[in-house]
Engineer: 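Please see the structure below; I have some questions.
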Amino acid sequence: MVHFPEELLYTAEHFWVKQEGELVLCGITDHAQSELGDVVFVEMPRVGATVKRGERIGDVESVKTVSNLYAPLSGEVVEVNENLKEHPELINQDPYGKGWILKLKPADLSEFSLLLRPEVYQEKLKNV
Amino acid sequence: MFEGKVLRVLSDPPLSGFENMSRDEVLWGRLSEGGPLVLRFFQWREKTLSVGRFQRTSDIDREYLSCRGIPLVRRPTGGRAILHGEEMTLSLVLPEKNLSLRHSYEAFRMVLREALWAVGVPVDGETTDIPVRCASPACFSLTFPHELAVGGRKIAGIAQARGQQGILFQVSLPLFLDREEFALCFLTKETILEELKKNFVSLGELGFSPQRRPELEKAMVEAFRKHWGVATQEDRWSVEEEENHRRLLEKKYLLPSYHWER
């Protein structure tokens, strides 16, 4: 059973976002990891890179599929989860915890209004 | 889902692996919302080992490939390595970004299964839906969910890439596979050979003659028409697509460093 923590915000491209002071922590949702199956590789953006909301920032590969990753917000990449290089399975095991992908310093706070509340994200999933 | 849409059908002559992958990436990159779906049948000019988009090449016996003159090409899709040769290969590009992974595999698998049934290949009605773990770098070592099998033995490799513009599927259905040679392409040769003997069967071994390839292509087009409700249209590459392909080939696929990057 996939879950959607109430305290997080989401994108239609299956990213979750958690505000932590001036930064946001992001990763892919439980639904996304469950669809993908065993994740075998994650290509993450470079620390220091400036990204735009919706821009492709990397890829995640599972046993059968390569999927692009899209930035949930515009901003600067301040950290990526180095553990995923050796242990991409953390995304399957703990998508909202140890399987986080990157930390961003948002450039435009107004973009938060474009993120989805859990119930809206779940509703969207019914149509795919 | 695709009712009333156009399925553009392309048939290419035998090409190198680099050309084949570049062509698929061009078709995938050019997808536009509301545009046609594209089905491409293609063949391999020479035996070629393809690896998944981010697959490690440290499992590959590079020296063996070099001695045998087998090129290695990196696919735009995921999945594991395949030794291509005498086989039926196709790609499908879908201008659909919201279709879930599971639904896309199920819908595509149904069409392939129906087409294979139509030409007398007794594909299993269902395959495992249970996620499996397999450390093998070879695609045909084990059947994964939503794949095609006969008597539980895998007959096809199906892989996918998803982007904002849509989905690319690539399918390899070996008509004949030299298991020994395939296994020799890897460092763990014995293990892979055993897995291939146990878990894989080619269409040829099931009595499907390579001469019937056009019949199977026709059955596939018909199955798309019947089950997806699409209108099919045989087509050729446009001048612009050919130019994009040549550019991508030179910029990416003809560079050995790209294929051996991981």
Side-chain angles (χ1 to χ4, degrees), chain A residues 1-2 10-15 28-45 51-72 84-93 95 101 116 120-128, chain B residues 1 25 28-29 51-56 59 74-80 96-109 127-137 139 141-147 154 156-171 261-262:
Chain A
M1 186 75 181
V2 295
Y10 300 85
T11 70
E13 287 78 31
H14 311 294
F15 248 75
I28 64 167
T29 65
D30 193 19
H31 165 80
Q33 72 76 22
S34 129
E35 276 272 313
L36 285 167
D38 287 352
V39 173
V40 294
F41 180 75
V42 189
E43 186 175 67
M44 295 175 285
V51 300
K52 283 188 181 162
R53 188 179 72 86
E55 179 189 1
R56 179 180 170 184
I57 53 169
D59 293 278
V60 57
E61 177 164 6
S62 64
V63 174
K64 300 299 298 171
T65 302
V66 176
S67 279
N68 298 160
L69 298 174
Y70 299 102
L84 295 180
K85 290 180 180 168
E86 285 302 310
H87 299 287
E89 70 277 7
L90 288 171
I91 287 182
N92 298 110
Q93 293 164 1
I101 295 176
L116 310 175
V120 180
Y121 176 62
Q122 282 184 71
E123 195 58 36
K124 273 195 173 288
L125 293 181
K126 290 180 186 164
N127 301 319
V128 298
Chain B
M1 181 172 48
E25 190 171 331
W28 181 41
V51 291
R53 175 63 190 89
F54 294 107
Q55 185 174 0
R56 283 195 315 265
D59 297 315
R74 195 168 281 284
R75 299 189 302 268
T77 52
R80 300 168 194 221
E96 175 57 71
K97 59 182 180 184
N98 293 321
L99 190 63
S100 77
L101 187 68
R102 190 164 310 186
H103 286 144
S104 65
Y105 264 106
E106 280 169 3
F108 190 28
R109 182 180 175 278
T127 51
T128 173
D129 196 30
I130 303 162
V132 286
R133 286 176 193 277
C134 173
S136 172
C139 172
S141 283
L142 196 62
T143 304
F144 285 90
H146 316 301
E147 292 193 320
K154 187 166 178 164
I158 308 177
Q160 190 187 96
R162 301 170 77 89
Q164 227 157 16
Q165 76 279 26
I167 299 170
L168 165 66
F169 274 108
Q170 292 179 316
V171 181
E261 70 177 357
R262 284 201 80 221

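A note on names: the letters A, B, ... follow the listed sequences, proteins ahead of strands, and every chain is numbered from 1.
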Engineer: Would you check if the side chain of A/E61 reaches a backbone N or O of B/G78 as a donor-acceptor pair within less than 3.5 Å?
Structural biologist: no

Engineer: Run the side chain to side chain contact (heavy atoms under 4.5 Å, CB included) check on A/F41 and B/R262 step by step: do they pass?
Structural biologist: CA-CA 11 Å; A/F41 180 75; B/R262 284 201 80 221; 3.2 Å; yes

Engineer: Measure from the side-chain N and O atoms of B/Q160 to the backbone N and O of A/T65, and report whether any donor-acceptor pair falls under 3.5 Å.
Structural biologist: no

Engineer: With chain B as the partner, which of A/E13, A/R56, A/E43 has the greatest number of non-hydrogen pairs under 4.5 Å?
Structural biologist: A/E43

Engineer: For B/Q164, which atoms come within 4.5 Å of any heavy atom of chain A: side chain, backbone, both, or neither?
Structural biologist: both

Engineer: Nearest 0.5 Å, please: how far is OG in B/S100 from NE2 in A/H31?
Structural biologist: 6.5 Å

Engineer: Do A/S34 and B/R102 touch side chain to side chain, with heavy atoms closer than 4.5 Å?
Structural biologist: yes

Engineer: Go through B/G163, B/P76, B/A159 and name the one with the most non-hydrogen pairs under 4.5 angstrom from chain A.
Structural biologist: B/G163

Engineer: With a 6.0 Å cut-off (strictly less than), is the heavy-atom count around CZ of B/R56, excluding the residue itself, greater than 12?
Structural biologist: no

Engineer: Taking the side chain as every heavy atom from C-beta outward, state whether A/N68 and B/R162 have any pair of such atoms under 4.5 Å apart.
Structural biologist: no

Engineer: Going by heavy atoms in the side chains, are B/F54 and A/V40 under 4.5 Å from each other?
Structural biologist: no

Engineer: Can you give me the closest heavy-atom contact between A/V66 and B/R53, atom names plus distance?
Structural biologist: CG2-CB, 3.5 Å

